[in-house]
Amino acid sequence: MPDQIVTFILQVLNGLKIGSVYALVALGYTMVYGIIKLINFAHGDFIMVGSYALLYTMPIMVSLGMPAWIAVVMAIAICVLVGITVEKVAYKPVRKKGTNMSALITAIAMSLFLENLAQTIFGAAPKPVGTIFTFPDMIIGKVKVNGNTILTIIIGVSVMIALQFFVRKTRLGKSMRAVSEDGQAAILMGINKNRTITMTFAIGSGLAAVASLMYCASYPQATPTIGAMLGLKAFVAAVLGGIGSIPGAMLGGIVIGLVESLSKAYIGDLTGGVITSAFSDAIVFGILIVVLLVKPSGILGKNIGEKV
Amino acid sequence: MKKRIFAVLLTAALVATLFSGCGSSNNGAANTDGAAATTAAETIKIGTISPNTGSLAAYGEAVVNGINLAVKEINAAGGVLGKQIVLETLDDKGDPVEGANAFNKLADEADVCAILGSVTSGVTSGLASLANESKVVLLTPTATADTVTDADDYVFRACFKDSYQGRMAAKFAAEVLGVKKVAVLYASGDPYSAGLREAFIAAAAEFGLDVVAEESSSSTEDTDYSAQLTNIAGSDAEFLFAPYYYSSIGPYIVPQARAAGFAGVIMGADGFDGTIATMVDDKSLYNNCYFTNHYSPDDTSATVQNFVSAYTTEFGAESLNALAALAYDAVYMLKDSIEKANSTDRTAIRDAMSGMSFSGVTGSFTLDETGTPEKSVAIIEFKDGAAIWNSTLGN
């Protein structure tokens with residue numbers, strides 16, 4: 001294989017590595033949005049909570065003789081607890097009184113609150129997260145495929161299928177869709193709306209913990225602000241894939257990862273150095289603007305007309 | 001109705017805070033009431049600005065500790081001009097806007113005779129023009145960007161500048177390591193990183209180094225550099241100059257470079273100081289990494305050893321780094337200037353500091369016309385997770 005093709009394949013793999021993490025995060029966004037039409041901007045910060053939970057529970061697991069990744073169970077429990085608390089304390093009262101807009105603003109406030117709370121509790125200094133698992137790299141010729149990347153994609157796809165099954169087939173999933181379609185009618189049908197929404201948050205937050213496991217495996221450092229940029233990019237991924245669509249989030253995440261990596265790698269050569277790899281974030285957020293202008297429902301989103 | 005009044009009051013308070021940040025030094029007199037004036041006569045007040053919270057909080061901690069240690073020593077020895085030093089320590093969170101607000105607050109207090117800070121070049125660059133406007137000495141212990149003191153009257157520093165660090169890195173690569181082909185990875189949106197890259201590239205030509213690959217990221221806070229590093233690993237560079245901070249070098253850049261297959265030397269500047277705390281578990285990845293620094297705690301001179309033992313007793317060894325040493329020296333530079341001026345007048349201190357000679361923990365030097373010391377750099381090497389003094393390099 002010529003060197004350029006090898007490099008191209010490596011760059012695609014780099015894109016898949018970050019894209020698979022975006023996809024896992026985007027699944028959480030899309031899940032909550034699909035049910036209660038709330039863009040939970042604090043979702044990125046649930047990942048931060050998950051990272052700190054991993055950071056502190058991993059040594060305990062290792063000292064008990066268990067593999068480090070078991071810590072994710074504790075991380076899921078903590079994230080679910082934080083997610084439900086945020087929902088009960090902040091979102092529920094606002095939802096009762098306000099509009100979608102006030103709920104959105106509350107979500108941004110919760111994001112800032114969690115970041116600053118983490119800074120107070122854990123300090124601002126970055127903390128290294130130990131090795132979570134050493135998954136062997138696959139070597140094909142000159143190409144080395146990172147084991148974590150493969151695992152992240154496998155987990156992402158499994159979570160996607162499981163979620164899809166859960167929402168389509170189970171009783172709770174059906175009640176979630178009912179609440180999503182018409183909250184009032186769902187109540188009349190005997191569905192406990194608040195309990196359904198709480199469950200949605202619990203699942204979304206649990207997904208954040210899984211995403212934080214895969215994120216920390218590839219980027220082993222916890223800081224109070226890791227969720228901010230990660231959350232924004234995953235949000236772009238969810239919008240690109242069609243927010244509310246579960247396969248869309250997976251697809252959007254991978255596409256954003258590839259765009260980011262390939263633009264970092266080749267944009268400098270393609271534009272003769274006018275636009276450099278430093279512009280990759282601008283390109284990612286540029287996609288958000290283009291999607292909103294051209295196809296606001298996203299790649300896999302359903303085009304539902306606004307009810308009047 | 002009650003709610004509305006509250007909202008109006010809250011808005012008024014917010015607007016007031018916005019404007020108070022923009023106030024200039026001439027309303028400082030109004031802030032000084034009788035009580036403050038009497039304390040000012042018995043003490044000397046010095047303002048400090050550093051990133052005490054935020055992603056660079058470890059820098060702020062070291063600098064504040066260094067300053068506190070020096071002030072404690074000076075006060076115990078009778079103070080400056082017979083007066084005790086008191087500090088007003090403000091936080092800039094590593095953010096230029098917060099830094100400017102902190103500066104304006106300090107400059108507005110008439111009894112603050114000089115300001116130490118800030119720590120990063122990004123924040124300090126923004127403070128330089130404010131210092132000249134309000135005619136108060138801004139002595140930064142650690143901001144190394146060249147532009148920080150260019151053509152300024154009131155800005156000084158205790159550290160060498162980036163063009164010098166970048167030049168020394170190129171010199172080390174060419175003369176000590178003997179490499180020929182080099183690559184550069186830098187953050188184009190960060191003055192520190194971009195300044196070092198510029199100086200390194202300029203010196204590379206002078207020392208006969210061939211820059212075969214150049215890549216950039218938008219900020220020093222990025223987490224994924226794999227794409228750029230894959231390109232660098234694909235070039236035939238033997239040496240990578242990556243002027244970033246410890247918060248991205250430890251967890252991201254070095255492991256990702258090694259994963260991308262780059263086995264050559266990775267070198268940076270004083271921003272690498274602190275990397276040990278952010279390293280991943282496999283410490284062997286960091287072998288073959290070097291950085292230029294202001295001093296080495298392994299230096300056997302009495303000044304350095306006294307500082308190291310005093311600091312360790314007071315704050316422990318964990319936060320001890322070159323920034324703490326520079327901050328410690330900066331306080332003594334200020335003390336010398338105040339004594340030479342025999343006054344706490346802001347302009348008199350400036351005049352005394354211009355062109356001063358000084359000898360401290362981070363070396364002996366004379367300030368040049370921009371207020372920057374010219375001194376030798378220590379080359380530090382990572383070996384199995386420890387930072388070891390490699391050599392000292394001068395012009």
Side-chain angles (χ1 to χ4, degrees), chain A residues 3-4 6-15 17-19 21 116 119-120 123-132 134 137 142 144 146 148-149 215-216 218-226 228-230 233 257 260-269 273 276-282, chain B residues 51-62 91 93-94 185-190 193-194 213-219 221-236 245-252 255-256 259-261 274-282 318-319:
Chain A
D3 280 356
Q4 275 154 337
V6 173
T7 311
F8 180 77
I9 294 172
L10 288 173
Q11 295 297 10
V12 168
L13 291 171
N14 286 334
K17 174 179 155 201
I18 183 72
V21 175
N116 286 288
Q119 187 165 309
T120 315
K127 290 193 163 56
V129 179
T131 314
I132 297 175
T134 36
D137 292 346
K142 278 193 210 169
K144 194 170 78 178
N146 186 289
N148 284 349
T149 307
Y215 178 84
C216 289
S218 292
Y219 307 96
Q221 179 167 272
T223 68
T225 50
I226 52 166
M229 196 51 151
L230 181 66
K233 287 197 181 152
E260 195 182 318
S261 168
L262 294 177
S263 63
K264 272 180 188 166
Y266 295 108
I267 199 91
D269 291 343
T276 62
S277 37
F279 280 70
S280 69
D281 285 356
Chain B
N52 304 332
T53 58
S55 64
L56 298 172
Y59 286 175
E61 187 192 356
D91 180 12
K93 300 176 184 158
L185 171 68
Y186 71 103
S188 61
D190 182 77
S193 191
E214 200 184 336
E215 296 287 337
S216 59
S217 68
S218 57
S219 82
E221 315 244 308
D222 277 17
T223 53
D224 198 295
Y225 303 86
S226 309
Q228 294 98 318
L229 290 163
T230 303
N231 281 353
I232 288 169
S235 73
D236 47 1
Y245 297 111
Y246 67 97
S247 50
S248 41
I249 285 296
Y252 310 131
Q256 287 171 15
T275 300
I276 291 179
T278 63
M279 282 181 179
V280 300
D281 290 351
D282 185 0
E318 203 190 326
S319 61

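Lettering follows sequence order; numbering is per chain, from 1.
Every residue meeting the ring-ring contact (aromatic ring centres under 6.0 Å, His included) condition with A:Tyr219, not counting sequence neighbours, appears here in chain and number order: A:Tyr215.
In terms of modelled atom types and a separation under 3.5 Å, the side chain of A:Gln11 and the main chain of A:Leu262 share no donor-acceptor contact. B:Asn231 places a side-chain N or O within donor-acceptor distance of the main-chain N or O of A:Ala265, the cut-off being under 3.5 Å.
Put simply, of B:Ser188, B:Gly234, B:Ala58, B:Ser247, the one with the most heavy-atom pairs under 4.5 Å next to chain A is B:Ser247. Counting heavy-atom pairs under 4.5 Å between each of B:Ser217, B:Gly250, B:Ala57, B:Ser226 and chain A puts B:Ser226 at the top. Listed options B:Thr223, B:Val280, B:Leu56 were ranked by heavy-atom pairs under 4.5 angstrom with chain A; first place goes to B:Thr223.
Residue B:Glu214 does not touch chain A at all, counting heavy-atom pairs closer than 4.5 Å. For A:Gln221, the parts sitting under 4.5 Å from any heavy atom of chain B are the backbone and the side chain alike. Contacts of A:Lys17 with chain B are made by side-chain atoms alone, with heavy-atom separations under 4.5 Å and no backbone atom involved. Using a 4.5 Å cut-off between heavy atoms, B:Asn52 does not touch chain A at all. The contact between A:Ser261 and chain B is made by backbone and side chain atoms together, counting heavy-atom distances below 4.5 Å.
Side-chain contact between A:Leu13 and A:Thr149: absent, with no pair of heavy atoms (C-beta onward) separated by less than 4.5 Å. Residues B:Asp282 and A:Thr131 are not in side-chain contact: their nearest non-hydrogen atoms beyond the backbone lie 4.5 Å or more apart.
How far CG of A:Asp281 is from NZ of A:Lys233: 3.5 Å, rounded to the nearest 0.5 Å.
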